[in-house]
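Here's the structure, in structure tokens; my notes come after.
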Amino acid sequence: MEKDEVTEELAAEVKRYRENEGLDVRSISEIMEISMQDVTKIINSDVYKGAEVEPADQPKVTVEKGPPGSGFSEERLEEILDQVYEWGVEFSETEYFEKLTDEQKRHSEFIIQSFAQFMYSYYGLEPTEWHKKGPEGGLEECCTWVFPKKITAGESCFESIAPVLAAFFSFAGDRGLVKNPQSLVRRIRDIDEEIAEKASDPRNWGLAKSMMMPARDAGVDLEDEQELNDFLKSRGARPLERPEGRDKRWSEEEVRDLSTEQIVQKLQDFGVDFGEEQFLEDVHDFHSASELADHWREVYPVTATGFDEDFIWLAATVLWERLAPDVVSSEQLDDMMQKGYDLLYGPFMERKRAGLRDRKQIEACNLWLEVWEHLKERFTPNMESIRDAEQVFSGTQSLQNWCQDMEMELGNAGLEDPSFYEDRVSYCREFYNLFPESGDQILLNMKIAEAESLFALGELEQGEDAFKNIIEEYPEDPWGYVRWGDMYCITRPNDEIPLDYEKAEEIYRMAMTRNVEDDDVVLERLKKLEREKGER
């Protein structure tokens, strides 16, 4: 795939997985069934940068996903599906099953198995956790987003989802297999009509389904590869390709197990005229191993196809680390970012069970500050917003999301070690000076974080000036006033700051006189202030 072959539909699909769901390149490759190399090319294309994603139709899931690389276990998924299958057999012999229509019964096994698979693969939820709500809960999102996106089926199947699952939840509740079955039944019935509506809208279909549905409607046997490919060709679509050579994907661990000589030999076997001297020059001209692998494909007659395509990129990644350890690649920066998240939250499944316990904020923030120093070397004056800067880094996290997480965690680390407040002040100033054309909300948050950190350091005069500048620049936003007033009463980040209810109230009421956009926030602060005064 060349960058000029990237379509808007393909770019939007990758963008939804990467930005709305936080999936890494490997996970997107697994789901979309294209090589990691092609995923990276799509991310680095101009079409990707301009692709629009509608968050309202694709809810953002803030936890890591199940595909490989985030605590997901294929073995555990198989165990869950086997277990649920056994439950389904028992379910089919109960009165709950008998009350279903013939059409619903016909779809029941497929629906129940798919639900169990998606709940674990996308949300990390096992059957005993299906009742969970909020960021960790996925019942509604699974049924109104994942099912419509992934499942190629007729209207009757989607209309059967709620009745089948409601009956199954009732059965499982009687057997003590799930928690809060009444709640599960109520929640699935509440979205009954929405499931079918979302499934009938092509805007909610994934790329593969968008290709399959017209074929299905035309009477094509989707199990017949030749018939399906003939249909796709007739519509000008790219036919499905059967991977050649290897029968499974390369993993980074598998490439690391090879010696440097073996990796180089295999690259040469695939047509890459590798030379160490040229390689050591190239690592200074490209930000990532992926870009270098793209370069190899452009200048050499690379013969790797099918599952072997990923070897080129993975080989570049491993050789970069071995032969040029002092030159930091995007892949290494991404690993450092992800290690920081693991230090803060732990691996995916442990994170869900432990909440925020054992957060290693100091270690994580030191690691992230190092990442920031490396990234700054890549930024150029023409990158006026953080979105512009995405071109010099592509990884698991978008730069915009990570930069905001870093600001927040530096503040948390400051509670343990005040020196991190100094780092936070420097970081926030660097950010808004480097990227003055970033969105108002992220710039406002950075400037508020800077002002709060100055207060935490006991620099009251500088903190006051910083907040005054904020409300002058953003006079209609309530948060500048609210967070400023909080410095004197509700949060007081430094014991040297005098408790001053009158000053806090004066600042809050200043917002009311300036007709801020959301005065409910300010009114709530005034009520909280009165309560706090009454308790003293």
Side-chain angles (χ1 to χ4, degrees), residues 3-4 6 8 11-12 14-16 18-20 22 40-55 60 284-288 290-291 294 328-331 333-334 336-337 368-411 423-454 462 465-477 479-480 483 517:
K3 287 186 179 180
D4 58 5
V6 178
E8 291 184 9
V14 172
K15 200 165 194 175
R16 277 194 291 271
R18 184 164 180 253
E19 296 191 357
N20 281 7
T40 305
K41 287 179 181 177
I42 293 167
I43 291 172
N44 291 327
S45 70
D46 291 336
V47 179
Y48 176 88
K49 296 170 187 174
E52 296 184 358
V53 178
E54 300 179 11
K60 184 176 181 178
H284 292 282
D285 296 329
F286 299 94
H287 291 307
S288 69
S290 173
E291 293 177 9
D294 279 344
V328 180
S329 68
S330 288
E331 287 81 6
L333 291 180
D334 186 52
M336 293 166 71
M337 283 185 183
W368 281 2
L369 285 168
E370 184 181 347
V371 172
W372 177 246
E373 290 302 313
H374 287 299
L375 287 171
K376 284 193 299 182
E377 296 176 0
R378 301 182 177 192
F379 301 148
T380 58
N382 66 316
M383 299 173 190
E384 297 183 341
S385 75
I386 189 61
R387 284 294 189 190
D388 294 338
E390 296 281 357
Q391 63 189 279
V392 297
F393 175 79
S394 60
T396 306
Q397 304 292 327
S398 72
L399 275 186
Q400 177 164 286
N401 291 339
W402 175 77
C403 283
Q404 294 176 88
D405 289 342
M406 180 171 170
E407 172 267 301
M408 179 181 67
E409 295 301 342
L410 284 172
D423 292 324
R424 193 183 190 207
V425 169
S426 298
Y427 167 69
C428 291
R429 286 175 178 170
E430 287 175 344
F431 183 93
Y432 65 69
N433 284 321
L434 282 168
F435 307 118
E437 297 301 318
S438 295
D440 283 343
Q441 193 59 57
I442 188 172
L443 291 175
L444 173 61
N445 289 341
M446 290 290 177
K447 292 175 181 181
I448 288 177
E450 174 198 3
E452 288 179 333
S453 297
L454 289 169
Q462 292 186 48
D465 289 342
F467 272 117
K468 289 175 183 177
N469 290 335
I470 289 170
I471 65 172
E472 182 177 342
E473 188 174 1
Y474 304 95
E476 297 181 352
D477 194 291
W479 287 104
R483 304 280 278 276
E517 295 174 346

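Hydrogens, waters and symmetry mates play no part in the numbers below; they use all other heavy atoms, side chains included. Not measured: the values here are computed from a predicted model.
Sorted by first and then second residue, the side-chain hydrogen bond (donor to acceptor under 3.5 Å, both in side chains) pairs with a member in residues 434-448 read Gln441-Asn445, Lys447-Glu473; sequence neighbours excluded.
To the nearest 0.5 Å, the span separating CD1 on Ile386 from CD1 on Ile442 amounts to 6.5 Å. A distance of 10.0 Å separates CD of Glu430 from CZ of Phe379, quoted to the nearest 0.5 Å. Atom OG1 of Thr380 sits about 6.0 Å away from atom CD of Gln391, to the nearest 0.5 Å. To the nearest 0.5 Å, atom CD of residue Glu370 and atom CG of residue Leu333 are 9.0 Å apart. Interatomic distance, Phe393 CZ to Leu375 CG, rounded to the nearest 0.5 Å: 6.5 Å. Taken from CE in Met408 to SG in Cys403, the straight-line distance is 13.0 Å, to the nearest 0.5 Å.
A side-chain donor-acceptor contact under 3.5 Å links Glu331 to the backbone of Ser290. No side-chain donor-acceptor contact under 3.5 Å links Tyr427 to the backbone of Leu410.
More than 12 heavy atoms of other residues, nucleotides or ligands sit less than 6.0 Å from atom CD of Glu373.
Considering every non-hydrogen atom in both Leu399 and Glu390, the closest pair reads N-OE2, 3.0 Å. Closest heavy-atom contact between Ser453 and Val425: CB-CG2, 3.5 Å. Scanning both residues, Ser288 and Ser330, for their nearest heavy atoms gives CB-CB, 3.6 Å. Shortest non-hydrogen contact noted between Gln400 and Gln404 is O-NE2, 3.1 Å. In this structure, Glu384 and Pro381 approach most closely via the heavy-atom pair CG-O, 3.9 Å. Across all their heavy atoms, Asp388 and Met383 have their closest contact at CB-CA, 3.8 Å.
For Arg424 and Glu450, the salt-bridge test fails: no basic side-chain N is under 4.0 Å from an acidic carboxylate O.
Relative orientation of the Phe435 and Phe431 rings is perpendicular, given thresholds of 30° and 60° on the angle between their planes. Ring pair Trp372/Trp402 is tilted by interplanar angle, where 30° to 60° counts as tilted.
A 4.5 Å side-chain heavy-atom check between Tyr474 and Leu443 finds at least one atom pair inside the cut-off.
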What's the verdict on side chain to side chain contact (heavy atoms under 4.5 Å, CB included) for Arg483 and Phe467, showing C-alpha distance, side-chain angles and the deciding distance?
-> CA-CA 9 Å; Arg483 304 280 278 276; Phe467 272 117; 4.1 Å; yes
